[in-house]
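These notes concern the structure reproduced below.
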2 protein chains.
Amino acid sequence: MQTLQEKASQWSGVDTADAFAIDDTSLFQKLGLQTFINLSTNFYTRVYDDEEEEWFRSIFSNSKKEEAIQNQYEFFVQRMGGPPLYSQRKGHPALIARHRPFPVTHQAAERWLYHMEKALESTPDIDADSRVKMMNFFRHTAFFLVAGDELKTQKQQIPCKHGASKPAES
Amino acid sequence: MQTLQEKASQWSGVDTADAFAIDDTSLFQKLGLQTFINLSTNFYTRVYDDEEEEWFRSIFSNSKKEEAIQNQYEFFVQRMGGPPLYSQRKGHPALIARHRPFPVTHQAAERWLYHMEKALESTPDIDADSRVKMMNFFRHTAFFLVAGDELKTQKQQIPCKHGASKPAES
């Protein structure tokens, strides 16, 4: 059976070493907090205005834009060499579990990455080398979450039987 | 509805600020790699020899001890200020998703913490202040995983009906 990260690498085309090249240097020290805030603001401004792909925008319809921005930049800052802003406020990232309410399909991953690439391009303080590293991380991570999303539809240990209407309760 | 970290705080009695006080200083710089290796070795030696609580030892029966030790100390090192050993080898920690195969019950969390407290005490290079910080982190995290474990038994979006034998495939 393929592991989560094997699926992530296969589907994204980005191996683990390239995905985590963000750890070679501190992107937070290089770019600074404001750049991360700008990036996430650019990203979610695009997402919440996505009129071409209404299905994608609708994934975020129950989330507040300002909160989505804060969650994202705090996680990026923490993951890319800065202070652990996300964990201080919300605990473990637990990326897969926290994406459980959302339909993280291959198609959704590609749309997320499309907007992120445009957001990176429209954040001029992010140099080309950082942009490549971040996109590799984002691409691998997006498909890691697609792999995680598929766990939701895996059989529970005790499958539904005899017309039972809920999954295993141990 | 309570969030994962609210449940973790309530059940563990450790709030988020205390749990993540491990981030105040770099425990990795203070303690060094070998201390983390020793801690995880002490921990899993206890776990794999747990003859009082056979049900707990059996949770680990499909995992190799050496691999369990490496996974654990690499994650601890990465999370406590050291190099990202875990992610370089295995990708995102994704704590809840990676514990999915295991029955992370309240009882299992308490037994895990019992062994970890003993393991910390038998690792003399870990000073009292570090030990308190680490135990707060471990206690909060153990119950964060119990909260995550309960997601497994939540209804899928499309519940089992009409005698269907597997959960939603959308």
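Per chain, numbering begins at 1; letters A, B, ... match sequence-line order.
- B:Asp50 and B:His115 form a side-chain donor-acceptor contact under 3.5 Å, judged by distance and modelled atom types alone.
- Between B:Phe143 and B:His106, the two ring planes are tilted [angle within 30° to 60°].
- Annotation: maximal heavy-atom pairing with chain A below 4.5 Å, among B:His92, B:Arg79, B:Glu150, B:Gln5, occurs at B:His92.
- Side-chain atoms of B:Ser12 come within 3.5 Å of backbone N or O of B:Val14 as a donor-acceptor pair.
- The candidate from A:Gln88, A:Arg98, A:Arg89, A:Lys90 with the greatest count of non-hydrogen atom pairs under 4.5 Å with chain B is A:Lys90.
- Residues meeting the ring-ring contact (aromatic ring centres under 6.0 Å, His included) test with A:His140, sequence neighbours left out: A:Phe20.
- Here A:Ser87 is the residue among A:Ala94, A:Ser87, A:Gly91 with the most heavy-atom pairs under 4.5 Å with chain B.
- For chain A, no part of B:Thr3 is nearby; none of its heavy atoms comes within less than 4.5 Å.
- Of the two parts of B:Thr16, only the side chain, counted from C-beta on, holds a non-hydrogen atom closer than 4.5 Å to a non-hydrogen atom of chain A.
- A tilted orientation is assigned to the rings of A:Phe60 and A:Tyr48, their planes being inclined by 30° to 60°.
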